[in-house]
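All remarks here apply to the structure that follows.
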2 protein chains.
Amino acid sequence: MQPTFLKPVKVIVADDHKLFADGVEQIINSTPGFEVLASVDNGKLLMQVLNRLSPDIILLDINMPFLDGLETAALIKKNKPGIKIIFISMHYDASIKTFIQKNGINGFVHKNISAKELKDALYKVVAGENVFISNYPAQQTEINAPQPGTEFISQHKLTKTEVAIIKLIAGGDSTKAIADKRSLSYLTVESHRKNILRKLKAKNMAEVIAFAVKYGLV
Amino acid sequence: MQPTFLKPVKVIVADDHKLFADGVEQIINSTPGFEVLASVDNGKLLMQVLNRLSPDIILLDINMPFLDGLETAALIKKNKPGIKIIFISMHYDASIKTFIQKNGINGFVHKNISAKELKDALYKVVAGENVFISNYPAQQTEINAPQPGTEFISQHKLTKTEVAIIKLIAGGDSTKAIADKRSLSYLTVESHRKNILRKLKAKNMAEVIAFAVKYGLV
DNA sequence: TAATATATACCTGTAAACAGGTATGCCTTA
DNA sequence: TAAGGCATACCTGTTTACAGGTATATATTA
């Protein structure tokens with residue numbers, strides 16, 4: 001752990017509920033050795049802020065408009081792997097668990113924890129530990145969550161790659177952007193697009209996205 | 001308003017999200033003239049605490065386990081009408097509005113407001129005013145309907161035509177198809193598309209549709 | 001009434017999506 | 001082991017979307 005008297009640990013809070021973010025900010029600022037650099041209310045803004053600021057830790061809400069927490073976290077871990085990320089959310093399920101493991105997220109704290117527990121979590125993450133805090137023990141064990149979107153996927157026999165591409169398209173990515181992100185040929189991504197349209201019998205991707213979001217895939 | 005240097009205004013915070021309650025507590029304690037007596041996480045506990053403590057204001061979450069905010073508020077207003085109550089919630093609808101009017105609730109603040117706005121609300125309620133603060137302007141005016149999508153529309157200042165076109169695009173219609181259906185010029189529909197993309201700061205329509213469906217517009 | 005928002009429409013490009021193929025190596029599983 | 005699904009990649013077109021403008025009549029509102 002860094003000597004807190006030398007260098008305060010810099011934190012950014014990302015949560016679309018301003019009052020919550022402001023409250024957390026106050027709690028962190030009152031924690032010795034920690035200071036909040038900024039608090040933002042959506043993922044896009046967070047990415048912009050990260051061009052200017054270099055936090056040590058990001059407290060990241062999972063449900064946010066304009067780039068949700070998971071996508072944002074993946075981007076950050078890819079581009080700035082040194083920054084530690086703690087998810088903060090009302091809900092926890094198997095998909096989040098998997099995401100945390102795969103992407104090296106440093107912690108998950110439930111929004112129902114106390115200020116003291118949040119501080120403990122921050123100290124632990126700074127010390128290099130991974131933390132998981134929730135006061136709903138049920139939600140920790142309850143792994144078999146009703147994964148949203150599975151129905152949609154199985155109904156149309158979509159493959160993993162196709163699902164991934166649908167999600168990226170829903171985020172506004174073009175075929176070229178997707179090819180770059182996933183290190184695929186432009187032509188490969190186009191093939192996937194065509195297969196998706198064929199399987200869903202859709203006229204274009206706008207229609208696909210509408211269905212996918214309705215069925216909880218995105 | 002009470003002279004704050006003589007008697008601090010006593011507040012109780014009731015919210016089942018501890019971290020949120022703790023954050024609000026810190027915000028209030030850092031507000032001159034205010035102090036938090038207690039913070040509780042359910043309605044039953046709040047009623048017990050009120051046997052011992054006499055707050056001036058209660059910040060009351062509507063969605064709480066063990067006696068929700070509305071029931072709790074009704075009980076308090078019946079037994080201790082002198083205590084002012086400000087609802088604090090993520091959601092606002094016609095039923096809450098009716099309840100506020102019938103039961104003389106002193107304010108409603110949305111959880112997405114800033115710390116400063118919360119402080120303003122507290123000052124106003126102490127001064128005898130009723131407050132309503134939300135950063136979703138649609139929800140203030142839109143009284144008789146939890147119309148899904150209105151939030152999305154007002155937030156991005158979309159016009160009727162633009163909304164209609166978004167819906168058609170989500171259904172898979174091309175610009176030409178839309179122009180035919182609505183007896184508009186192809187070029188007009190393209191203009192609307194451009195305006196939509198500009199307003200939502202989206203890269204393409206797929207992204208727009210994803211947002212629109214998420215917010216219940218489609 | 002002056003300014004602003006809305007709906008309409010046009011013009012000129014470039015970029016991207018879509019259509020309809022073919023093909024191949026790699027798994028999985030019947 | 002043979003068949004099928006999957007992910008990968010390529011080719012050739014056509015169509016559509018997007019970008020960046022301008023413009024004008026009609027409301028609406030400050």
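Here is how names work: the chains are called A, B, and so on, in the same order as the sequence lines, proteins then strands, and each is numbered from 1.
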Closest to the side chain of B/Ser174, out of D/dT8, C/dC18, D/dT16, is D/dT16

Short N-O contact, A/Asp22 and B/Lys116, less than 4.0 angstrom: no

Side-chain atoms of B/Glu190 come closest, of D/dC18, D/dT16, D/dC6, to D/dC18

Check the distance between D/dC18's P and B/Ile196's CD1 and give it to me in whole angstrom. 10 Å

Between the base of D/dA7 and the side chain of A/Thr161, is there a donor-acceptor distance below 3.5 Å? no

Please give, in whole Å, the distance from D/dG5 P to A/Lys157 NZ? 9 Å

Out of C/dA16, C/dC18, C/dT6, minimum distance to the side chain of A/Tyr186 belongs to C/dA16

Checking contacts here: which listed nucleotide (C/dA9, D/dA7, D/dA17) is nearest the side-chain heavy atoms of B/Ser185? C/dA9

Using a cut-off of less than 4.0 Å, is there contact between a side-chain N or O of B/Thr175 and OP1 or OP2 of D/dA17? yes

The nucleotide from C/dC18, C/dG21, C/dA7 with an atom nearest the side chain of A/Lys194 is C/dG21

What's the closest nucleotide to the A/His192 side chain, out of D/dT8, D/dC18, C/dT6? D/dT8

What's the NZ-P distance between A/Lys203 and D/dT15, to the nearest Å? 18 Å

Taking NZ from A/Lys176 and C1' from C/dC18, how many angstroms apart are they, rounded to a whole number? 19 Å

With a 3.5 Å distance limit and no angle check, can you tell me whether A/Asp15 reaches the backbone of A/Asp41 through a side-chain donor-acceptor pair? no

Point-to-point distance, once rounded to the nearest 0.5 Å, from CG of A/Asp173 to CD of B/Glu207: 8.0 Å

Could you tell me how far apart B/Leu184 (CG) and C/dC10 (P) are, to the nearest whole angstrom? 11 Å

Tell me: CG of B/Leu187 to P of D/dT16, nearest whole Å? 14 Å

Taking CZ from A/Arg193 and P from C/dA19, how many angstroms apart are they, rounded to a whole number? 11 Å

Is the phosphate of D/dA7 approached by A/Thr159 (side-chain N or O, under 4.0 Å from OP1 or OP2)? yes

If you find the nucleotide of DNA chain C closest to B/Glu162 and the one closest to B/Asn204, which residue's nucleotide is nearer the 5' end? B/Glu162

Please give me the minimum heavy-atom distance between B/Glu35 and B/Pro8, naming the atom from each residue. OE2-CG, 3.6 Å

Output for pair (B/Thr159 OG1, B/Lys199 NZ), nearest 0.5 Å, gives 5.0 Å

So, does A/Thr188 get its side chain near the phosphate of D/dA9, meaning an N or O under 4.0 Å from OP1 or OP2? yes

Rounded interatomic separation in angstrom, taking CG from A/Leu158 and P from D/dG5: 15 Å

Given DNA chain C, 5'-ward residue of the pair A/Ser191 and B/Ser191, judged by closest heavy atom: B/Ser191

